[in-house]
Amino acid sequence: MRNGKQVLKITVIGIGNTLMGDDGVGVAVVQNLLPIISTDMLDSVNFVIGGTAGIGLLKHFRESDIVIVVDAIDVRAAPGTVFRFAPDEVGLVHLRSNNIHGMGVPQLIANSRLVGANPETIVFAIQVGDVRPNDGTLTSPVKAAVEQVGELVVEELQGMVYL
């Protein structure tokens with residue numbers, strides 16, 4: 001409780017492989033948010049640079065009331081196109097975090113539900129352009145979307161920090 005209101009446990013996770021160009025966009029969004037987030041919000045929200053952590057991210061789904069995931073997506077839209085959805089709306093099959101080497105967002109959500117955790121989950125996804133090896137470099141349209149998604153995440157958080 002804070003000021004007589006229940007405080008939600010909120011986590012923002014940036015997912016992606018920063019070695020693969022635009023695939024690292026989720027990480028870039030969280031990295032860009034950290035220096036500009038207010039102290040009050042930092043005290044209320046857990047920001048996680050998830051990278052390619054896979055199953056290691058499951059604890060955040062188990063420990064949070066709300067999880068905001070930022071990831072790359074490939075649905076053949078224009079690079080830099082921003083999407084916002086709940087996982088059950090679209091099935092999450094096109095997120096770039098789906099891979100054979102780790103556990104992607106769909107598997108994290110499914111496994112969290114199997115263990116009784118079902119936080120409200122919001123996904124912000126950015127259409128990739130180039131996902132070839134290119135350490136930490138985003139294409140121009142994807143880089144432009146980083147700031148836009150950061151603003152959208154902050155707007156979501158401002159409405160959530162207290163019940």
Salt bridge (Lys or Arg N to Asp or Glu O under 4.0 Å) pairs, two or more places apart, involving residues 106-129: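 Non-adjacent pairs meeting salt bridge (Lys or Arg N to Asp or Glu O under 4.0 Å): Asp88-Arg113.
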Check the hydrophobic clustering (I, L, V, M, F, W, Y; side-chain heavy atoms under 4.5 Å; chains of links allowed) and say if [X] and [Y] are grouped together.
X      : Y     : answer
Val25  : Ile36 : yes
Leu19  : Ile49 : no
Val146 : Leu34 : yes

Atom pair CD1/CZ of Ile122 and Phe85 - distance to nearest 0.5 Å: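 The CD1 atom of Ile122 sits 11.5 Å away from the CZ atom of Phe85.
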Spatial distance of atom CD1 (Ile73) from atom CZ (Phe83) [nearest 0.5 Å]: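 Those atoms lie 5.5 Å apart.
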Check: [Y] and [X] side chains under 4.5 Å, non-hydrogen atoms:
X      : Y      : answer
Phe61  : Asn111 : no
Val48  : Val30  : no
Met160 : Ile68  : yes
Phe124 : Val29  : no
Leu58  : Ser112 : yes

Arg76: side-chain hydrogen bond (donor to acceptor under 3.5 Å, both in side chains) partners, not counting sequence neighbours: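 With neighbours one apart ignored, the set is empty.
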Set of residues satisfying side-chain hydrogen bond (donor to acceptor under 3.5 Å, both in side chains) with respect to Thr11, sequence neighbours excluded: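 Counting only residues at least two positions away or on another chain, Thr11 forms a side-chain hydrogen bond (donor to acceptor under 3.5 Å, both in side chains) with Ser64.
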Within residues 123-133 or reaching into it, pairs that qualify as side chain to side chain donor-acceptor pair (under 3.5 Å) - sequence neighbours excluded: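 Sorted pair list: Asp74-Gln127, Asp130-Arg132.
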Pairs touching residues 141-154 that satisfy side chain to side chain donor-acceptor pair (under 3.5 Å), sequence neighbours left out: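 The answer is none; no pair qualifies.
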Residues which pass side chain to side chain contact (heavy atoms under 4.5 Å, CB included) with Pro141, listed by chain and number, not counting sequence neighbours: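 Pro79, Thr139.
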Sole candidate of Val115, Leu57, Val67 that passes side chain to side chain contact (heavy atoms under 4.5 Å, CB included) when paired with Arg62: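 Result for side chain to side chain contact (heavy atoms under 4.5 Å, CB included) with Arg62: Val115.
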Option from Asp65, Asn46, Val45 for which side chain to side chain contact (heavy atoms under 4.5 Å, CB included) with Lys9 holds: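 Among the candidates, only Asp65 passes.
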Asn17 side chain vs Asp23 backbone, donor-acceptor pair below 3.5 Å: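 No; zero donor-acceptor contacts below 3.5 Å.
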